Amino acid sequence: MDLLILSIVVLIYFLMVGYVGYVAWKRTESSEDFMVAGRTTHPYIMAMSYGATFISTAAIVGFGGIAGLYGMGILWLVFFNILIGIFIAFVFFGKRTRKMGHNLRALTFPEFLSRRFDSKFIQYFSGLVIFLGMPLYASVVLIGAARFMETALNLNFNIALIIMALIVAAYVIFGGIRGVMYTDALQGTIMFLGMIFLLLVTYYLLGGITESHQALTNMAYLVPDSVKAVGGTGWTTFPSFGSPFWWTLVSTIIMGVGIGVLAQPQLVVRFMTVRSNKELNRGVLIGGIFIFVITGSAYVVGSLSNVFFFQQMGQISIQVAAGNVDKIIPIFINSAMPEWFTYLFLLTLLSAAMSTLSAQFHVQGTAIGRDVYETIFNRSGDRSVLITRIGILVAVIIAVILGFTLPGSIVAQGTALFFGLCAAAFLSAYTCALFWKRSTKPGVIVGMVMGTFTSLFWLLFVYKKTAVSLGIFKAISGQNLIINTLPWPLVDPLVIGVPVAMFFTVVVSLLTKPPSKEHLDKCFEGF
Amino acid sequence: MEVLGIPDPWVWGAYIACILVTLLCIIYGVLNWNKGDEDEEGQIKEELEWEKEELEMEEKELGF
């Protein structure tokens with residue numbers, strides 16, 4: 001890859017993004033225009049914006065790489081991403097969130113929950129969970145893009161990470177406030193075209209759909225002994241039931257991200273800015289196709305990279321990537337695709353990273369400014385705007401520092417952990433807010449706190465992957481884990497945290513006084 | 001049984017399920033393409049009023 005050509009391509013890309021942002025901004029100069037623009041927002045723009053925020057480099061590079069290791073069983077994640085992340089999210093959660101958000105005049109997700117249950121604690125507690133948890137997700141999105149630059153440009157990874165962070169920071173600070181839906185839509189379109197091309201060319205290179213799958217099936221004997229020992233059986237067969245491989249694939253990768261998406265603050269906010277259910281209805285169609293193409297392509301291509309590498313180099317993907325899952329997709333694209341495509345794909349990844357990161361940083365900024373600072377100090381106005389900006393800056397810096405320190409093969413794991421944490425903290429509260437009138441403020445608070453802390457406890461002391469590498473329990477007791485009996489060290493925190501949160505929310509709600517009728521009438525007006 | 005060169009029903013099942021669920025989204029979107037904007041006008045008016053209120057409040061509080 002040529003640095004000069006790359007600079008030109010990136011420059012052109014930024015001019016395009018800048019131009020679209022500028023046009024959107026021009027069209028919405030007065031606040032009245034802004035509202036009208038919102039009303040006439042094309043459903044394509046809305047759905048693409050949701051999709052581009054939902055899907056980041058983590059999905060493409062991280063989970064694509066996971067597919068290279070675990071094989072096509074990960075396609076269940078595509079299924080859940082569409083069924084839960086699009087269909088259920090839009091049709092059942094989105095419509096109610098839009099209406100209730102309007103009734104409560106809520107602007108952020110923590111604010112929504114806090115007004116629904118009339119509790120300030122909920123607002124700053126969720127604000128803190130988001131502000132402290134989100135950096136992990138933001139940093140793995142950065143890592144995903146930086147890994148590609150590292151491979152494509154032969155750059156030092158740390159330098160690639162800083163370049164990425166600077167580009168994104170400039171974008172978040174200078175743009176992306178008003179025109180963000182439009183730039184998101186442009187980025188979504190680039191992602192869509194890039195991924196469809198990648199899928200078609202991969203199938204073409206390997207001789208067709210059935211042929212390439214067959215070739216992958218025939219490679220099952222190449223599964224390394226170390227992988228076989230933990231339950232891997234091949235790339236077109238599911239891991240052995242109950243094995244470590246199975247637990248990671250099912251409980252962390254498929255369920256963590258598949259279910260966790262419902263409680264993602266940066267996605268829930270999208271529903272509150274939608275003008276009517278019509279956009280959501282139309283968004284289901286566009287969003288469904290978008291997720292199908294992007295994630296489906298990434299996972300199929302990730303799996304099939306094994307065939308390509310074996311035919312070309314006699315090695316399977318994880319060997320070519322020297323054990324770092326995050327490098328499988330970047331190396332595959334650099335060795336299998338035409339050179340011009342690596343430039344286009346870098347733009348695809350830039351788009352994917354920027355659209356997600358801008359939303360993440362924005363949500364983190366408002367979490368600390370509006371949800372924590374304003375709520376605790378009971379202030380509003382200019383100071384909280386300043387705190388929000390500082391919050392965004394701090395969020396970027398933390399993400400970069402984490403990017404330097406996190407180990408390899410982290411992108412998909414980090415994403416799944418964050419999604420799981422959000423699910424444990426917010427899913428029961430959010431679901432009850434929308435669907436269960438009998439749920440009470442104490443019930444939701446206890447559920448939320450128990451879900452969050454159970455999940456953290458599990459991460460630090462029971463879940464093998466995190467507990468061992470963090471080493472906190474070892475420092476206290478000299479042992480690695482509290483529970484050593486299988487399968488517990490392999491079970492994802494989400495599988496424990498979500499039911500615990502749900503249990504406490506329901507039990508405490510039933511034991512406490514139901515909310516007043518007036519308050520419920522206000523929340524559920526027009527339902 | 002092998003489908004599309006994939007031997008395990010748990011894996012080709014996922015492949016097919018992805019296609020089916022995408023079709024579900026497409027059909028839902030087409031059937032409801034023009035539905036759901038009944039209360040739009042009223043809401044936009046309401047939100048415009050709020051926006052004005054908020055601007056006035058800001059002016060009062062901040063003095064500009």
Side-chain angles (χ1 to χ4, degrees), chain A residues 31-32 34-36 38-39 43 71-83 86-87 90-91 95 99 102 105 209-217 220 233-238 275-289 291-293 295-296 300 380-382 526, chain B:
Chain A
S31 60
E32 194 155 334
F34 190 62
M35 304 297 295
V36 178
R39 181 170 61 117
M72 292 171 76
I74 197 184
L75 284 174
W76 284 113
L77 180 56
V78 180
F79 172 75
F80 282 118
N81 280 161
I82 302 172
L83 181 71
I86 296 290
F87 192 79
F90 278 44
V91 176
K95 289 181 182 175
K99 192 139 224 172
H102 172 88
R105 296 176 68 167
I209 296 179
T210 308
E211 289 73 9
S212 52
H213 296 166
Q214 191 66 54
L216 190 61
T217 303
T233 57
W235 293 273
T236 55
T237 47
F238 221 68
R275 293 286 143 251
S276 80
N277 286 349
K278 193 168 83 179
E279 270 92 61
L280 291 173
N281 286 336
R282 294 180 174 188
V284 169
L285 183 150
I286 298 156
I289 298 175
I291 304 294
F292 176 71
V293 166
T295 57
V300 168
S380 66
D382 51 350
Chain B
M1 188 174 72
E2 250 192 34
V3 174
L4 294 169
I6 303 169
D8 187 347
W10 279 103
V11 177
W12 61 253
Y15 201 96
I16 307 281
C18 293
I19 297 173
L20 291 179
V21 76
T22 308
L23 284 176
L24 171 77
C25 289
I26 294 175
I27 294 167
Y28 182 89
V30 169
L31 290 180
N32 294 289
W33 193 255
N34 284 316
K35 290 182 193 159
D37 57 354
E38 297 81 16
D39 58 349
E40 207 181 335
E41 291 287 322
Q43 259 183 37
I44 288 167
K45 259 186 213 153
E46 211 176 345
E47 283 182 20
L48 268 177
E49 306 243 307
W50 292 350
E51 187 119 335
K52 266 186 210 150
E53 268 171 41
E54 227 149 85
L55 278 177
E56 275 164 27
M57 233 157 50
E58 260 172 42
E59 265 171 35
K60 251 189 223 162
E61 271 177 28
L62 303 173
F64 58 84

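In what follows, every heavy atom counts, from backbone to side chain, and hydrogens, waters and symmetry copies are set aside. Everything quoted here is computed from the prediction, not taken from an experiment.
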Chain B contacts, top residue of [options] (heavy-atom pairs, under 4.5 Å):
options               : result
A:L77, A:N281, A:I291 : A:N281
A:V91, A:V78, A:L216  : A:V91
A:L83, A:N81, A:L280  : A:L83

Item to complete: Could you tell me which residues satisfy side-chain contact (heavy atoms from CB on, under 4.5 Å) with B:D8, sequence neighbours excluded, listed by chain and number?
Response: A:T237, A:F238, B:W10, B:V11
Worksheet entry | Residues which pass side-chain contact (heavy atoms from CB on, under 4.5 Å) with A:I209, listed by chain and number, not counting sequence neighbours | A:Y203, A:H213, B:L4, B:Y15
Item to complete: State the OG1-CD1 distance between A:T295 and A:I82, to the nearest 0.5 angstrom.
Response: 5.5 Å
Response to the item:
The interface call for A:I86 against chain B, heavy-atom contacts under 4.5 Å, is side chain
Worksheet entry | Nearest heavy atoms of A:F79 and B:C18, plus distance in Å | N-SG, 3.7 Å
Worksheet entry | Which atom of A:K278 lies closest to which atom of B:W33, heavy atoms considered | CG-O, 3.5 Å
Worksheet item: Checking heavy atoms, do the side chain of B:I19, its backbone, both or neither come under 4.5 Å from chain A?
Response: both
Practice prompt. Examine whether an atom of B:V30 lies under 4.5 Å from a heavy atom of chain A, and if so say whether it belongs to the side chain, the backbone or both; otherwise answer neither.
Written response: both
Worksheet entry | When B:G5, B:A17, B:G29, B:P7 are compared by non-hydrogen pairs under 4.5 Å with chain A, the top option | B:G5
Practice prompt. Evaluate the ring planes of A:W76 and A:F80, with Trp represented by its six-membered ring, and classify them as parallel (under 30°), tilted (30 to 60°) or perpendicular (over 60°).
Written response: tilted
